[in-house]
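So the structure is just underneath, and the comments pick up after that.
For clarity, every value in this text was computed on a predicted model and none was experimentally measured. Note on naming: letters A, B, ... go to the chains in the order of the sequence lines (proteins, then strands), and numbering restarts at 1 for each one. Atoms considered below: every heavy atom in the structure, side chains included; atoms not considered: hydrogens, waters and symmetry mates.
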There are 2 protein chains.
Amino acid sequence: MSESPQNEPNVVSTIADKICSKLQNAIVEGIIPAGSKISEPALASEYGISRGPLREALSRLEACNLIERKPNVGARVVTLTREHLVEIYLIRESLEGLAARLAAENMSDKDVNELDALLEKHKHQIIQDQSYYQKEGDMDFHFRIVKGSNNSYLIDMFSNDLYHLIRLYRYQFGMVSKRVPRAFVEHEQIVDAIRQHDGELAQFLMSRHISNSRKNVEKMLDEHLAITD
Amino acid sequence: MSESPQNEPNVVSTIADKICSKLQNAIVEGIIPAGSKISEPALASEYGISRGPLREALSRLEACNLIERKPNVGARVVTLTREHLVEIYLIRESLEGLAARLAAENMSDKDVNELDALLEKHKHQIIQDQSYYQKEGDMDFHFRIVKGSNNSYLIDMFSNDLYHLIRLYRYQFGMVSKRVPRAFVEHEQIVDAIRQHDGELAQFLMSRHISNSRKNVEKMLDEHLAITD
DNA sequence: TATGAATATATTGTCGACAATTTGCTCATT
DNA sequence: AATGAGCAAATTGTCGACAATATATTCATA
């Protein structure tokens with residue numbers, strides 16, 4: 001049910017919580033279009049709730065950079081730009097590089113084995129359904145390593161802010177790349193480095209992995225824009 | 001008036017905005033003690049407002065990791081731990097390293113000159129008032145470089161989340177170090193690298209600068225704890 | 001016709017009251 | 001005296017209504 005990366009059953013009790021999750025998905029999937037204005041009365045009646053919990057949800061959406069709010073004016077869904085996407089990738093290079101280093105230093109053998117099992121699962125999924133791996137599978141891998149860092153702020157940033165932004169751009173720019181086999185090999189290299197507790201190497205490989213991914217995306221965007229124009 | 005790092009006059013119009021700023025300062029300065037429970041009715045009447053905008057403010061405080069909320073239970077100010085402080089420093093090493101690199105690539109000569117002027121100002125302040133440089137002066141320098149990165153998410157994270165957390169720990173652990181002269185030299189080195197548009201070097205120097213700072217803080221905490229026990 | 005002021009409409013911000021849930025207390029039972 | 005069930009008090013979550021602000025429209029004037 002829940003699209004959020006945390007494993008816990010996620011018993012979202014309050015209305016604000018539920019509506020926040022729904023809105024996150026609605027924005028990611030473009031049901032509420034990028035750049036569009038958000039009307040509080042309209043949304044409230046649409047979801048059958050009052051404006052109180054809705055505004056609480058909007059606060060959180062603002063915090064995770066999915067909407068922008070101006071006092072006394074209202075909220076808009078963010079507009080997607082190539083520049084912002086690059087900005088996000090640069091931050092991921094830096095932050096997930098750190099995460100990989102810490103994961104290499106901290107993860108137990110048991111954790112590493114589970115990570116390996118995940119890769120094994122992905123190997124089969126790639127054959128039968130590349131698109132799944134490209135979306136959720138890749139996300140699972142990266143989030144697993146962030147969790148392995150054991151740094152609460154890192155985990156927090158990833159699961160609250162970055163996670164939704166990454167999904168948003170994946171969904172709406174909807175790019176399917178030829179990089180899947182290459183990316184999978186890079187994942188294997190990263191896990192190897194983590195298993196050997198080689199933090200420096202894990203950091204280097206993770207940064208480069210995301211950097212490669214960024215360059216690939218930039219190239220695709222350029223080509224796509226060239227066609228569109 | 002405003003303690004926030006952005007330069008704009010910061011015309012906070014809405015009550016929720018003002019109360020959020022006030023609460024941020026109150027928490028940073030320990031007026032609302034770390035680890036204490038927050039009573040919505042009590043706070044609301046204390047500040048002479050209703051619970052609506054207060055809850056909106058609490059949402060933001062939660063987003064910047066100053067308080068923790070549990071549904072149907074309430075909010076508590078975060079508790080300060082050595083581990084969390086180290087986590088924050090690690091993230092700063094990574095993120096501000098990136099910021100320095102981007103700043104070296106992007107900043108105009110005019111921006112670099114202003115940064116230099118800031119250092120010159122600090123040089124005099126150190127002589128007459130070390131404590132100022134150690135708190136706000138250091139913050140000014142680091143924020144200036146983050147802004148120089150021109151990465152909106154980086155700027156956002158720093159000014160919304162990290163900024164307040166850094167101030168919180170500085171205030172409450174209130175450590176005054178002997179590192180001021182050394183830190184100043186490191187600042188100069190970083191600016192030099194930025195002036196030469198040597199991104200790699202700027203990143204390395206900034207990461208090491210924060211890493212040194214972290215080690216110094218860890219050492220001081222250990223000594224302090226040793227005395228306390 | 002174009003521009004701008006004045007008004008009208010709609011939207012956001014704030015408030016106080018009620019509902020739902022949790023916490024603390026009382027009291028009976030072992 | 002200690003434990004636990006049941007009840008009372010307090011706190012959080014939600015709602016609908018009102019106030020303040022911004023946007024849209026109307027109308028007069030150049």
Side-chain angles (χ1 to χ4, degrees), chain A residues 2 4 8-24 26-27 32-79 160, chain B residues 2 4 8-24 26-27 32-79 160:
Chain A
S2 165
S4 127
E8 303 135 34
N10 207 352
V11 245
V12 265
S13 50
T14 158
I15 292 185
D17 282 327
K18 293 178 201 160
I19 219 67
C20 181
S21 293
K22 286 185 186 175
L23 290 178
Q24 281 172 334
I27 291 174
I32 304 175
S36 66
K37 174 140 186 356
I38 288 179
S39 162
E40 292 184 7
L43 259 192
S45 76
E46 185 178 336
Y47 285 91
I49 58 169
S50 132
R51 277 179 56 220
L54 175 64
R55 283 172 63 85
E56 175 114 16
L58 291 181
S59 279
R60 297 190 210 170
L61 294 183
E62 185 185 22
C64 62
N65 291 297
L66 288 181
I67 68 171
E68 286 170 350
R69 280 173 118 183
K70 285 182 184 174
N72 291 314
V73 172
R76 305 194 81 89
V77 179
V78 292
T79 56
N160 290 136
Chain B
S2 164
S4 127
E8 304 135 33
N10 207 352
V11 246
V12 265
S13 50
T14 157
I15 292 184
D17 281 327
K18 294 178 202 161
I19 219 68
C20 182
S21 292
K22 285 185 186 175
L23 290 178
Q24 282 171 333
I27 291 174
I32 304 176
S36 66
K37 176 145 185 352
I38 288 179
S39 162
E40 293 184 7
L43 259 192
S45 76
E46 186 178 335
Y47 285 91
I49 59 169
S50 131
R51 276 179 55 220
L54 175 64
R55 283 173 63 85
E56 175 114 16
L58 291 181
S59 279
R60 296 189 211 170
L61 295 183
E62 184 185 23
C64 62
N65 291 297
L66 288 180
I67 68 171
E68 285 170 351
R69 281 173 116 183
K70 285 182 184 174
N72 290 314
V73 172
R76 303 195 81 89
V77 179
V78 292
T79 56
N160 289 336

Item to complete: List in chain and number order the residues that pass salt bridge (charged side-chain N to carboxylate O under 4.0 Å, His left out) with Arg51(B), two or more places apart in sequence or in another chain; answer none if no residue qualifies.
Response: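 Glu40(B).
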
Worksheet item: How bent is the helix from dT1(C)-dA30(D) to dT30(C)-dA1(D), comparing axes over its five end pairs at each side, to the nearest 10°?
Response: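 Between the first-five-pair axis and the last-five-pair axis there is 10°.
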
Fill in: Euclidean distance, Leu54(B) CG relative to Ser59(B) OG, rounded to 0.5 Å
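Taking OG in Ser59(B) and CG in Leu54(B), the distance rounds to 10.0 Å.
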
Tell me, please, which residues at least two apart from [X] pass side chain to side chain contact (heavy atoms under 4.5 Å, CB included).
X	value
Ser45(B)	none
Glu62(B)	Ile67(B), Arg69(B)
Ala63(B)	Ala63(A)
Ala16(A)	Thr14(A), Pro53(A), Glu56(A), Arg60(A)

Item to complete: Could you encode protein contacts along nucleotides 11-22 of chain D as a string, one character per nucleotide from 5' to 3', using B for base contact, S for sugar-phosphate-only contact and - for no contact, with a heavy-atom cut-off of under 4.0 Å?
Response: SBBBB-----SS

Discussion item. Main chain of Glu68(B), side chain of Arg76(B): is a donor-acceptor contact present, judged purely on distance under 3.5 Å?
Written reply: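 Not confirmed, Arg76(B) side chain does not pair with Glu68(B) backbone.
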
